[in-house]
**Student:** 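Before I ask anything, let me first share the structure, which is written out below as structure tokens.
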Amino acid sequence: DGGITQSPKYLFRKEGQNVTLSCEQNLNHDAMYWYRQDPGQGLRLIYYSQIVNDFQKGDIAEGYSVSREKKESFPLTVTSAQKNPTAFYLCASSIAGGGTEAFFGQGTRLTVV
Amino acid sequence: KQEVTQIPAALSVPEGENLVLNCSFTDSAIYNLQWFRQDPGKGLTSLLLIQSSQREQTSGRLNASLDKSSGRSTLYIAASQPGDSATYLCAVQDAYNQGGKLIFGQGTELSVKP
């Protein structure tokens, strides 16, 4: 059953903590993406990767970091430098970059406590 | 800078009605346009992908059209059902970005009443 798996579904972070959101895909896609969704603001791109061991900043990369050591995995770390991390985080993948269909995971809701 | 707008923001219709959701974008230099469905608290489900060279795509009761020159797309839902209630998002991949970045509209929240 091919798809994109995000974990955990819910995550709580204390002030000053780093937390890591997991994203795994078994679609054999080269490109992977992280988006953030806030009420009234739509989805915004945080980071993307078109190939293993390479990634680029999106529109709102400050306070976040990523790695792409394996084709199927693209974890996102929300660092303590991200001042407003409470949001819904969505991971996506596509066969290649521009011009191909994107598929999304079920999301992780991060809340600062 | 590419901007995507969806109108209306919310729509409520009785079951069985045919309806149209609208999406507009400011720059016609796009690779494709994709329509998604999002249920509350869930991820996005891809409904239809229209490449820039295509005029429309159909899947079951859904039909999406694309007029690139005027910067418009519509999603037509035939014979609506309560199960169609969700937020519908459109997104474009613009041709200036090789990475496949999607630019999203704010969505239309659809409610179909039994």
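Quick note on labels: first sequence line is chain A, next is B, and so on, each numbered from 1.
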**Student:** Name, in order of residue number, those residues of residues 104-113 of chain A that have a heavy atom at a distance of less than 4.5 Å from a heavy atom in chain B; otherwise write 'none'.
**Tutor:**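 The residues closer than 4.5 Å to chain B, in numerical order, are A:Phe104, A:Gly105, A:Gln106.
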
**Student:** Can you say whether A:Gln37 sits under 4.5 Å from chain B via the side chain, the backbone, both, or neither, judging by heavy atoms?
**Tutor:** side chain

**Student:** Applying a strict under-4.5 Å side-chain criterion to I, L, V, M, F, W and Y, I'd like to know whether A:Met32 and A:Leu76 cluster together.
**Tutor:**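 Yes, A:Met32 and A:Leu76 fall within the same hydrophobic cluster.
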
**Student:** Counting only heavy atoms closer than 4.5 Å, note whether A:Leu43 contacts chain B via side chain, backbone, both or neither.
**Tutor:**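 Looking at A:Leu43, backbone and side chain both touch chain B.
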
**Student:** Side chains of B:Gln38 and A:Phe88: does their closest heavy-atom pair fall under 4.5 Å?
**Tutor:**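 Contact flag for B:Gln38/A:Phe88 side chains = yes.
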
**Student:** Consider only side-chain heavy atoms of I, L, V, M, F, W and Y, link residues closer than 4.5 Å, and tell whether B:Phe104 and A:Trp34 are in one cluster.
**Tutor:** no

**Student:** Spell out, as yes or no, whether a donor-acceptor pair under 3.5 Å connects the side chain of B:Gln34 to the backbone of A:Glu101.
**Tutor:** no

**Student:** Is it true that atom NZ of A:Lys71 has more than 12 heavy atoms of other residues, nucleotides or ligands lying nearer than 6.0 Å?
**Tutor:** yes

**Student:** Can you list the residues of residues 5-27 of chain B that sit under 4.5 Å from chain A, counting heavy atoms only?
**Tutor:**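 At a heavy-atom separation under 4.5 Å, chain A is reached by no residue of residues 5-27 of chain B.
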
**Student:** Taking B:Val92 as the starting point, is it possible to reach B:Phe36 by hopping between hydrophobic residues whose side chains are less than 4.5 Å apart?
**Tutor:**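 No, it is not one cluster - the side chains of B:Phe36 and B:Val92 are not joined through contacts under 4.5 Å.
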
**Student:** Decide whether A:Tyr35 and A:Phe74 are clustered together by the hydrophobic rule: side chain heavy atoms of Ile, Leu, Val, Met, Phe, Trp, Tyr closer than 4.5 Å, transitively.
**Tutor:** no

**Student:** Within a 6.0 Å radius of atom CD on B:Glu109, are there more than 12 heavy atoms belonging to other residues, nucleotides or ligands?
**Tutor:** no

**Student:** Does A:Val52 share a hydrophobic cluster with A:Phe55, counting links as ILVMFWY side-chain heavy atoms below 4.5 Å and allowing steps through other members?
**Tutor:**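 No, A:Val52 and A:Phe55 fall in different hydrophobic clusters.
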
**Student:** Quick check: under 4.5 Å, non-hydrogen atoms only, which of residues 43-56 of chain B neighbour chain A?
**Tutor:** B:Gly43, B:Leu44, B:Ser46, B:Leu49, B:Gln51

**Student:** Could you list which of residues 58-91 of chain B have a heavy atom closer than 4.5 Å to any heavy atom of chain A, in residue-number order?
**Tutor:**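 B:Leu89, listed by number.
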
**Student:** Out of curiosity, B:Gln93 CD to A:Thr100 OG1, how far, rounded to the nearest 0.5 Å?
**Tutor:**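 B:Gln93 CD to A:Thr100 OG1: 6.0 Å, rounded to 0.5 Å.
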
**Student:** If only atom types and distance count, is the side chain of A:Tyr33 paired as donor or acceptor with the main-chain N or O of B:Leu102 below 3.5 Å?
**Tutor:** no

